[in-house]
Amino acid sequence: MSTACEELVDPKQIQLDEIIEKYRHENGPLIPILQGAQGVYGYLPAHVLKHISKAIRIPLARIYGVVTFYAQFRLTPVGRNLINVCLGTACHVRGGAKVLETIEKELKIKDGATTDDGRFTLEIVACIGACGLAPVISINNEVHGRLVPESIAGIFAKYE
Amino acid sequence: MAENQRILVCAGTGCASSGALPIIDILKEEIKRQGLEGTVSVVGTGCQGFCEKGPTLVIEPQHILYTRVAAEDVAEIVAQDIINGERVERLLLLDQVTQKPVSSLSDIRFFAKQHRIVLQNCGVIDPKKIGDYTARDGYKGIQKALKEMSPEEVLEEVKKSGLRGRGGAGFPTGMKWGFCRQTPSDKKYIICNADEGDPGAFMDRSVLEGDPHSVIEGMLIGAYAIGADEGYVYCRAEYPLAIKHLEIAIKQAQEAGYLGDNILNSGFNFHLKVFAGAGAFVCGEETALMASIEGKRGMPRVRPPFPAVSGLWGKPTNINNVETWSNIPHILRNGAEWYGQFGTEKSKGTKIFALTGKVNNTGLVEVPMGTTLREIIFDIGDGIQNGKAFKAVQIGGPSGGCLPESMLDLAVDYDTLTQAGAMVGSGGLVIMDETTCMVDIARYFLNFSKKESCGKCTPCREGTTRMYEILDRITKGEGKEEDLDTLENLALTIKETSLCGLGQFAPSPILATLKYFRHEYEAHIRDHKCPAHNCTALLSYTIDVEKCKMCSLCAKNCPANCITGDKKTNTPYVINEEACIKCGTCLEKCKFGAVSRA
Ligand SMILES: Cc1cc2nc3c(=O)[nH]c(=O)nc-3n(C[C@H](O)[C@H](O)[C@H](O)COP(=O)(O)O)c2cc1C
Ligand code: SF4
Ligand code: SF4
Ligand code: SF4
Ligand code: FES
Ligand code: FES
């Protein structure tokens with residue numbers, strides 16, 4: 001019996017419900033819930049948004065409006081590793097564009113896209129606050145600084 | 001080695017990315033192995049301000065700085081310095097002028113000319129331990145306020161100090177608090193703006209990572225003066241370590257009785273939460289920020305009503321920047337008069353700048369208001385990298401301006417810089433050298449503003465796009481003579497008709513570069529040349545037949561296959577300009593200096 005039950009309950013769904021429960025009684029719960037949900041699913045699938053809408057009684061259209069307003073939220077799945085290439089001012093004047101170009105060539109994808117094997121998603125950001133080390137990128141929130149185009153391949157090798 | 005020593009290893013975002021975290025563990029091991037645990041302690045700190053030279057490590061009480069430390073260096077540092085008291089020379093900083101290594105913090109120009117008030121704990125204490133903060137007089141400010149002062153007296157003290165908001169506009173902090181205090185209401189909020197969206201700025205990040213309790217204490221004092229019992233820190237999602245340290249600090253402050261109900265038995269209540277932003281620059285604007293906390297799209301709204309009257313959930317709200325809050329405990333502890341001795345007549349205290357770009361020493365710099373740009377760039381920053389010539393300093397981010405060499409003796413304070421067509425802004429200082437193209441920089445910022453415009457009002461939404469398109473054309477060599485007038489007209493209109501600061505100041509980078517670097521625009525438009533050799537479309541590569549040794553290296557490496565020539569038939573090597581994609585490979589490859597770029 002118990003095994004059959006476990007199969008029915010999606011562990012991600014349980015986590016999602018826990019997140020909703022944690023914030024639903026607070027003022028302005030939507031953004032923390034969306035952030036939590038994205039943490040669980042890696043992105044915000046349509047069924048998740050619908051579920052949140054029902055649970056906290058906010059119309060789906062309004063949720064969609066919020067999701068599309070903020071750069072952090074994504075409606076499509078993300079690769080196993082998320083690369084953020086900084087093109088903030090400090091990185092721009094210290095050759096950030098060259099780093100980006102090298103990465104685009106290496107992975108054969110552009111800003112916002114994911115490699116076919118699902119290994120990397122590439123995103124351009126403006127400043128991750130490590131400007132002293134410009135130019136920088138971050139992969140899964142780990143910062144890599146003082147980059148030259150030649151160092152890219154070696155860094156990527158560390159991420160499966 | 002008679003006295004007790006502390007080894008402070010920077011574990012801030014910058015140094016962590018350069019490999020600082022394993023160093024801390026290895027160092028602790030080594031200290032243990034040498035039986036030194038009794039006298040030497042190892043502390044992981046927040047940003048020490050010298051990120052580019054990281055991982056950095058300071059030995060106290062001798063103030064010795066080691067830079068670019070690697071795991072392999074640890075044993076040597078312990079054996080040679082800690083045990084034998086001799087410096088490990090190769091890890092000391094090299095003075096760019098004397099070309100000699102310097103060991104003591106007080107001899108390093110980067111630190112010697114700074115005056116650290118807000119940053120005095122950053123890089124010195126373990127930000128994850130409340131005891132480190134209280135050992136350095138932390139929470140004495142709120143104790144004094146609660147035990148000895150009425151809320152009005154606290155407010156008066158802050159007014160008297162002359163502190164102005166560090167978030168950009170420089171509004172007098174005490175006056176702002178006063179507005180919120182005056183509004184009658186059963187509920188008031190205070191907010192710490194930690195959205196720090198200006199690209200090239202990381203002051204707030206470093207304070208939150210390295211000394212989070214100072215922000216909490218500042219907010220406590222503010223809440224007491226204003227009569228608020230709930231607060232938020234709105235921190236951008238791109239700063240995970242800052243959020244983590246802040247959450248640890250809040251928990252510890254709660255346990256120690258500094259946050260919660262009936263704080264220090266005074267009857268005063270204050271609750272503090274962290275709200276992680278979701279990636280929108282415009283949410284740094286105060287009304288947009290509050291909309292975002294309320295769970296809405298973060299769009300600015302018309303003011304009045306000002307937040308002090310109707311803010312978060314319609315309640316009176318006071319919002320200040322991280323650095324503003326972090327100044328408060330010092331003012332309370334030492335008094336307004338003490339604070340007033342730093343800075344200029346109308347801009348009191350110190351300001352932290354994030355010095356970045358083409359300068360030798362990049363990092364965090366805290367100086368008294370009124371210090372000149374030249375002192376910051378050439379004394380503290382040690383001048384321009386690779387012996388290149390200084391061209392401009394970009395100050396104030398996307399809302400600020402670029403100032404040329406002739407303006408470097410300006411004293412940095414709110415009023416002086418605004419007059420010069422720039423602004424103190426949040427404190428980003430990006431240094432540019434002769435290889436930076438000013439038209440490209442203007443284009444860069446307009447691209448930023450265009451992307452971040454929330455779209456609510458037409459002048460900003462459409463105007464930034466139009467201005468970007470014109471600048472983009474100019475950098476491609478397709479500029480027209482009348483473009484400069486069009487740009488100026490558009491800029492002035494957008495400045496006047498936009499709803500929030502993003503639109504109002506988006507034209508600033510254009511106006512400033514047109515004012516000080518107009519000749520660069522003209523060179524692009526009239527001569528189709530980029531004086532900085534930066535704009536690809538305007539470059540041309542040629543081979544000097546005299547110097548060419550016909551080695552064919554350039555032709556072999558040219559990705560466009562547009563170099564032809566043959567040694568056997570004595571056909572000179574030439575570049576087909578039509579097909580050239582201006583990648584610069586030939587220039588890099590030629591060993592004989594035969595390729596030139598113009
Ligand atoms: C587009 C825009 C972005 C802003 N971003 C920030 C920011 O990242 N941090 C900040 O403290 N203030 C920012 N501000 C200024 C805030 O609206 C507000 O004036 C400030 O937080 C007030 O704090 P202060 O009085 O301590 O300076 C921004 C303003 C605008 C118009
Ligand atoms: S000026 Fe720009 S960012 Fe500000 S409200 Fe208008 S459209 Fe939005
Ligand atoms: S700049 Fe690049 S494309 Fe042009 S000639 Fe040189 S190598 Fe070839
Ligand atoms: S690399 Fe230099 S020397 Fe060799 S063929 Fe090209 S231009 Fe001539
Ligand atoms: S500009 Fe790239 S990290 Fe700040
Ligand atoms: S992060 Fe280490 S010095 Fe800034």
Side-chain angles (χ1 to χ4, degrees), chain A residues 23 26-36 38-39 56 58 62-74 84 86-98 101 123-147 155, chain B residues 13-14 16-18 47 49-52 54 196-202 204-206 236-240 242 273 275-281 283 292-299 312-313 354-358 362-364 394 397-398 428 430-433 436 441 444-445 448 451-452 454:
Chain A
Y23 292 107
E26 295 199 8
N27 279 333
L30 181 56
I31 291 175
I33 290 177
L34 290 173
Q35 285 168 332
Q38 182 157 300
I56 58 174
I58 293 181
R62 231 200 87 203
I63 296 187
Y64 188 75
V66 168
V67 169
T68 50
F69 183 82
Y70 295 98
Q72 190 190 18
F73 297 128
R74 51 180 78 251
N84 284 331
C86 180
L87 288 187
T89 325
C91 291
H92 177 77
V93 304
R94 277 207 189 173
K98 280 246 160 64
E101 211 176 281
E123 261 172 20
I124 297 175
V125 296
C127 196
I128 48 183
C131 329
L133 302 176
V136 307
I137 63 172
S138 79
I139 305 182
N140 309 336
N141 275 336
E142 283 172 18
V143 178
H144 301 270
R146 290 187 217 115
L147 293 179
I155 294 173
Chain B
T13 294
S17 79
S18 319
C47 179
F50 217 5
C51 321
E52 198 197 14
E196 192 158 62
D198 280 6
F202 55 101
D204 297 347
R205 189 212 83 193
S206 299
R236 67 196 292 244
E238 289 87 341
Y239 288 178
K273 279 192 208 133
F275 189 98
F281 173 71
C283 284
S292 181
I293 295 183
E294 291 171 0
K296 302 182 192 141
R297 291 162 71 94
M299 299 228 221
L312 196 57
W313 290 297
L355 188 59
T356 62
K358 306 276 184 73
T362 65
L364 278 192
Q394 209 287 333
V430 188
I431 310 305
M432 299 167 183
D433 68 9
T436 316
I441 285 295
Y444 167 83
F445 280 115
F448 180 87
K451 279 197 203 149
E452 297 296 341
C454 82

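What you see is a predicted model, and the numbers here were worked out from it, not measured in a lab. Keep in mind that the numbers below use all heavy atoms, side chains included, and drop hydrogens, waters and symmetry copies. Chain A is the first sequence line, chain B the second, and so forth, proteins listed ahead of strands; every chain is numbered from 1.
- Neither the backbone nor the side chain of B:C47 comes within contact range of chain A; no heavy atoms are under 4.5 Å apart.
- Annotation: maximal heavy-atom pairing with chain A below 4.5 Å, among B:M299, B:E52, B:K296, B:M432, occurs at B:E52.
- Heavy-atom pairs under 4.5 Å with chain B peak, among A:A134, A:P32, A:G65, at A:G65.
- Ranked by heavy-atom pairs under 4.5 Å with chain B, the first of A:C131, A:S138, A:P29 is A:C131.
- Contacts of A:A126 with chain B are made by both backbone and side-chain atoms, with heavy-atom separations under 4.5 Å.
- The contact between B:R205 and chain A is made entirely by side chain atoms (from C-beta outward), counting heavy-atom distances below 4.5 Å.
- Residues A:I137 and A:N84 form no side-chain contact, since every pair of their non-hydrogen atoms from C-beta on lies 4.5 Å or further apart.
- Looking only at distances, a side-chain donor or acceptor of B:E196 sits under 3.5 Å from a matching main-chain atom of B:D204.
- Between A:L133 and A:H144 there is no side-chain heavy-atom pair separated by less than 4.5 Å.
- The candidate from B:G197, B:G277, B:G397 with the greatest count of non-hydrogen atom pairs under 4.5 Å with chain A is B:G277.
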Quiz item: For B:S292 and A:I31, what are the C-alpha separation, side-chain angles and deciding distance, and is it a side-chain contact (heavy atoms from CB on, under 4.5 Å)?
Solution: CA-CA 8 Å; B:S292 181; A:I31 291 175; 3.9 Å; yes

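- Side chain of A:Q38 to main chain of A:Q72: a donor-acceptor pair is present (N/O by atom type, distance under 3.5 Å, no hydrogens or angles).
- Of the listed residues A:C86, A:G28, A:G132, A:A90, the one with more heavy-atom pairs under 4.5 angstrom with chain B than any other is A:G132.
- B:I441 touches chain A through its side chain: at least one heavy atom from C-beta onward sits under 4.5 Å away, while N, CA, C and O do not.
- Proximity to chain B (any heavy atom under 4.5 Å) is restricted, for A:Q35, to the side chain, taken from C-beta onward.
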Practice problem: Walk me through it: do B:R297 and A:T68 pass the test side-chain contact (heavy atoms from CB on, under 4.5 Å)? | Solution: CA-CA 9 Å; B:R297 291 162 71 94; A:T68 50; 3.8 Å; yes

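- Of the N and O atoms on the side chains of B:Y239 and B:T13, not one donor lies less than 3.5 Å from an acceptor on the other residue.
- Looking at B:A201, the atoms closer than 4.5 Å to chain A (heavy atoms on both sides) all sit in the backbone: N, CA, C or O.
- A side-chain donor-acceptor contact under 3.5 Å links A:R94 to the backbone of B:G357.
- For B:K273, the part lying under 4.5 angstrom from a heavy atom of chain A is the side chain only.
- Interface remark: A:N141 contributes side-chain atoms only to the contact with chain B (heavy atom separation under 4.5 Å).
- Between A:R146 and B:S18, some side-chain heavy-atom pair lies under the 4.5 Å cut-off.
- Formation of a donor-acceptor pair under 3.5 Å by the B:T362 side chain with backbone atoms of B:T356 is not found in this model.
- Ranked by heavy-atom pairs shorter than 4.5 Å toward chain A, the options B:F281, B:Y444, B:F275, B:W313 are led by B:Y444.
- Taking chain A as the reference chain and counting heavy-atom pairs below 4.5 Å, the highest number among B:A276, B:G428, B:S206 is found for B:A276.
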